[in-house]
Protein chains: 2
Amino acid sequence: MSVGTVSNVLNRPDLVAPDTRRRVLDTIDDLGFVRNESARQLRAGRSRTIGLVVLDVSNPFFTDIAHGVETAATANGSVIMLCNSGQAVEREARYLDVLEEQRVQGVLITPVGTDYSRLDVLVKRGTPVVLVDRGTELPNLCSVAVDDVLGGFVAASHLLERGHQRIAFAGGPLALRQVQDRHLGAVKALTDAGQKASDLQIFETTSLTLEAGRRAGEQILDVPEARRPTAVFCANDLMALGVLQAVVSHGLRVPGDVAIVGYDDIDYAAAASVPLSSVRQPRELIGRTATELLLDEIREGTSHQHRRVIFKPELAIRASSDRRRSSRGRARVARRTRPAD
Amino acid sequence: MSVGTVSNVLNRPDLVAPDTRRRVLDTIDDLGFVRNESARQLRAGRSRTIGLVVLDVSNPFFTDIAHGVETAATANGSVIMLCNSGQAVEREARYLDVLEEQRVQGVLITPVGTDYSRLDVLVKRGTPVVLVDRGTELPNLCSVAVDDVLGGFVAASHLLERGHQRIAFAGGPLALRQVQDRHLGAVKALTDAGQKASDLQIFETTSLTLEAGRRAGEQILDVPEARRPTAVFCANDLMALGVLQAVVSHGLRVPGDVAIVGYDDIDYAAAASVPLSSVRQPRELIGRTATELLLDEIREGTSHQHRRVIFKPELAIRASSDRRRSSRGRARVARRTRPAD
DNA sequence: CCACTTTGTTGAAACGTACCAACAATGTTC
DNA sequence: GAACATTGTTGGTACGTTTCAACAAAGTGG
């Protein structure tokens with residue numbers, strides 16, 4: 001029995017006679033033979049894995065994206081390797097090294113910074129890359145994103161429309177493109193409404209977590225009442241949940257004293273102590289689409305035309321912001337007012 | 001320049017003269033050489049990756065564990081490959097195949113079923129396996145778990161102590177060992193308190209998600225008021241959040257009409273519309289410990305002694321269950337009663 | 001100046017697979 | 001029944017590393 005035949009049984013079973021095939025398969029079972037993927041890859045020159053690098057696995061937004069990616073990848077017989085950069089440039093770099101050493105088929109990534117040179121190198125050396133949740137200035141990458149400027153605009157417009165004058169923006173680091181864009185959109189909403197850009201008070205954080213949200217909430221509450229924002233637009237839902245916790249734990253009311261709007265519309269947003277208004281992104285769809293773009297690129301090779309897909313976000317209005325604010329000064333919350341359900 | 005020298009520069013730089021080293025490194029930079037991990041693995045016989053197979057990446061409980069695993073793995077220079085079985089036996093099997101083909105250093109897994117034969121085979125063929133969040137009957141595996149029977153006992157005891165007579169258990173599938181154990185613990189609490197085991201009404205679900213929780217909540221509310229449970233112990237926090245949503249959306253009060261206790265104490269539990277009582281598990285610690293056991297096993301080889309680590313859970317009491325129930329019949333919730341903050 | 005150690009470099013073998021040209025066996029056609 | 005096509009099987013080579021014995025060059029001690 002030659003190794004060539006065994007290889008054929010495994011990879012091109014139609015080439016081998018039925019009973020030989022049987023015999024080989026039985027023996028494989030007997031011996032507990034497991035194909036060595038390393039050798040296979042070495043010979044074939046490429047693997048069956050796709051790298052997915054996200055900013056934060058603890059954020060449901062990204063796990064939902066991962067879900068979409070997995071669906072599309074599995075349908076193609078590929079396996080995904082989920083990497084968590086944790087918004088740290090060095091960790092991201094390390095994972096990219098590992099992925100390149102593994103000769104992955106391609107990489108799906110939400111990059112930490114705006115320095116795309118490492119990705120550029122990756123592409124030049126032949127590993128296709130698709131940006132996720134990030135539009136790109138670079139012409140040599142496919143990308144799937146949501147219009148974050150529009151998202152920020154919609155959120156802030158909604159708050160303005162509800163009569164809020166002093167609006168805060170909480171999130172960070174501002175170096176993160178998503179944060180930047182959402183902020184930009186909010187500023188635009190303000191200026192369009194005749195306010196100054198500087199009227200948007202910024203509470204910058206170092207990350208976008210529940211904990212960071214709580215701290216930002218504390219800071220906001222530290223502002224003297226006369227100047228304290230009556231509404232907060234948070235760069236994502238984890239932040240918003242944190243702010244909500246801080247506000248509630250200080251005995252203030254949402255949206256009575258402080259209205260809150262989040263971003264992503266993760267499942268927990270609707271389940272929060274006060275159901276959270278949020279800018280919805282098609283998370284699974286983003287993941288699926290990105291994967292399909294990547295698979296296309298892998299198949300098409302050099303003839304591939306890069307594409308940018310941009311989805312439109314939608315505002316889900318819930319209790320945390322759904323009340324009209326009285327127009328003059330700080331509204332006193334009457335004690336008899338029923339809390340929003 | 002021989003390949004051997006290059007290999008030495010990369011792996012045992014002290015063996016090679018400083019200026020040769022320089023020259024090699026410069027050339028590597030010039031040429032954009034990237035080490036081929038497949039070839040390296042093929043030659044070395046094993047990889048630097050550790051497989052982590054979890055039941056549900058969307059569940060923060062598991063991403064927190066993943067976090068702990070990553071910390072410990074990175075410290076060791078290993079890379080983790082995060083796989084999501086989604087509580088499906090076939091997907092789990094497929095991932096195990098892939099991991100074995102990749103010749104991973106070892107596997108950390110929360111298995112879907114109770115059939116350990118596949119894992120047994122893996123171990124026999126030389127891939128160390130450590131069970132996560134699951135004790136084991138098998139003597140040939142390390143494991144890190146939390147005493148789920150105790151957890152269930154503590155949760156149910158707390159509800160009994162608060163005066164609840166009709167308690168429900170929501171979660172599933174019961175085939176999941178974690179669910180089984182938590183249920184068992186709850187039953188024990190009831191019988192210890194002189195009730196019958198059958199007094200614990202079971203609402204079995206097919207998975208442990210928010211959505212499943214909502215449906216379970218609906219079912220519970222469908223029970224005629226006279227027999228409706230006044231308290232629900234949920235197999236995990238996602239379920240509990242779902243039940244909470246269902247109850248609140250029907251205009252009932254938590255804990256007034258229905259008290260709720262969850263399990264895991266994920267970050268969102270405390271942030272829920274009614275802060276959720278929950279059985280806390282040391283999630284990151286579980287991940288770290290499991291990884292360390294695995295790394296030990298990898299290092300020690302055949303001389304390795306398997307260990308079982310079992311952590312004790314703790315009950316975090318919050319608003320969702322923290323009220324004494326009046327002793328006779330269904331307590332009427334006075335309208336003037338303030339909602340819990 | 002020879003024998004010996006130390007230091008640095010090299011070439012070859014091996015890992016387990018995929019692929020291909022070559023071959024053997026069988027069937028088909030005139 | 002000879003020439004040819006078809007089908008099934010087989011060695012051999014290449015993939016890019018690591019490892020190791022062997023070797024060359026330089027330094028050291030007597």
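Quick note: numbers below take in every heavy atom, side chains included, and nothing from hydrogens, waters or symmetry partners.
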Given Val129(B) and Arg118(B), is the side-chain contact (heavy atoms from CB on, under 4.5 Å) satisfied, shown in steps?
CA-CA 11 Å; Val129(B) 172; Arg118(B) 178 70 182 85; over 6 Å; no
Stepwise side chain to side chain donor-acceptor pair (under 3.5 Å) check, Gln105(A) with Arg48(A):
CA-CA 6 Å; Gln105(A) 291 186 292; Arg48(A) 295 184 307 150; over 6 Å; no
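Side-chain nitrogen and oxygen atoms of Thr5(B) include at least one within less than 4.0 Å of the OP1 or OP2 phosphate oxygen of dT10(C). Between Asn11(B) and the phosphate of dT18(D), there is a side-chain N or O to OP1/OP2 separation shorter than 4.0 Å. Taking side-chain N and O atoms only, Ser7(B) has a distance below 4.0 Å to OP1 or OP2 of dT18(D). Considering only side-chain N and O atoms, Arg43(B) lies nowhere under 4.0 angstrom from the phosphate OP1 or OP2 of dA14(C).
In this structure, Gln102(B) places its CD atom 14 Å from P of dT17(C), rounding to the nearest Å. Rounding to whole angstrom units, CZ of residue Arg23(A) and P of dT9(D) are separated by 8 Å. Computed from coordinates, the Glu101(A) CD to dT17(D) C1' distance equals 12 Å when rounded to whole Å. Per the geometry, CG belonging to Asn36(B) stands 16 Å off P belonging to dT17(C), to the nearest Å. One atom, CG of Leu10(A), and another, P of dT17(C), lie 8 Å apart when rounded to the nearest Å. Between Arg46(B) atom CZ and dT18(D) atom C1' there is a gap of 12 Å when expressed in whole angstrom units.
One finds a salt bridge joining Asp26(B) and Arg22(B) here, because a Lys/Arg side-chain nitrogen approaches an Asp/Glu carboxylate oxygen to under 4.0 Å. We find that Arg94(B) and Asp97(B) are not joined by a salt bridge, their nearest charged nitrogen and carboxylate oxygen being 4.0 Å or further apart. Note on Arg307(B) versus Glu292(B): no salt bridge recorded, every NZ/NE/NH1/NH2 to OD/OE distance being 4.0 Å or above.
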Each nucleotide of nucleotides 20-25 of chain C classed B (base within 4.0 Å of a protein heavy atom), S (only sugar-phosphate) or -, in 5' to 3' order, makes ------
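Using modelled atom types, no side-chain atom of Asp264(B) and backbone atom of Ile266(B) make a donor-acceptor pair closer than 3.5 Å.
Among the protein residues, Ala44(A) comes within range of no part of the nucleic acid, since none of its heavy atoms lies under 4.0 Å from any strand.
Minimum atom distance to the side chain of Ala39(A) is reached by dT17(C), of the listed dT10(D), dG8(C), dT17(C). Of the candidate nucleotides dG11(D), dT9(C), dT18(D), dT9(C) has the atom lying nearest to any side-chain atom of Thr20(B). Ranking dG16(D), dT17(C), dG8(D) by closeness to the Ala17(A) side chain, first place goes to dG8(D).
Along DNA chain C, the nucleotide nearest to Val16(B) and the one nearest to Arg103(B) differ in position, and the one closer to the 5' end is contacted by Val16(B). With DNA chain C read from its 5' end, the first of the two nearest nucleotides for Arg40(A) and Leu15(B) is the one closest to Leu15(B).
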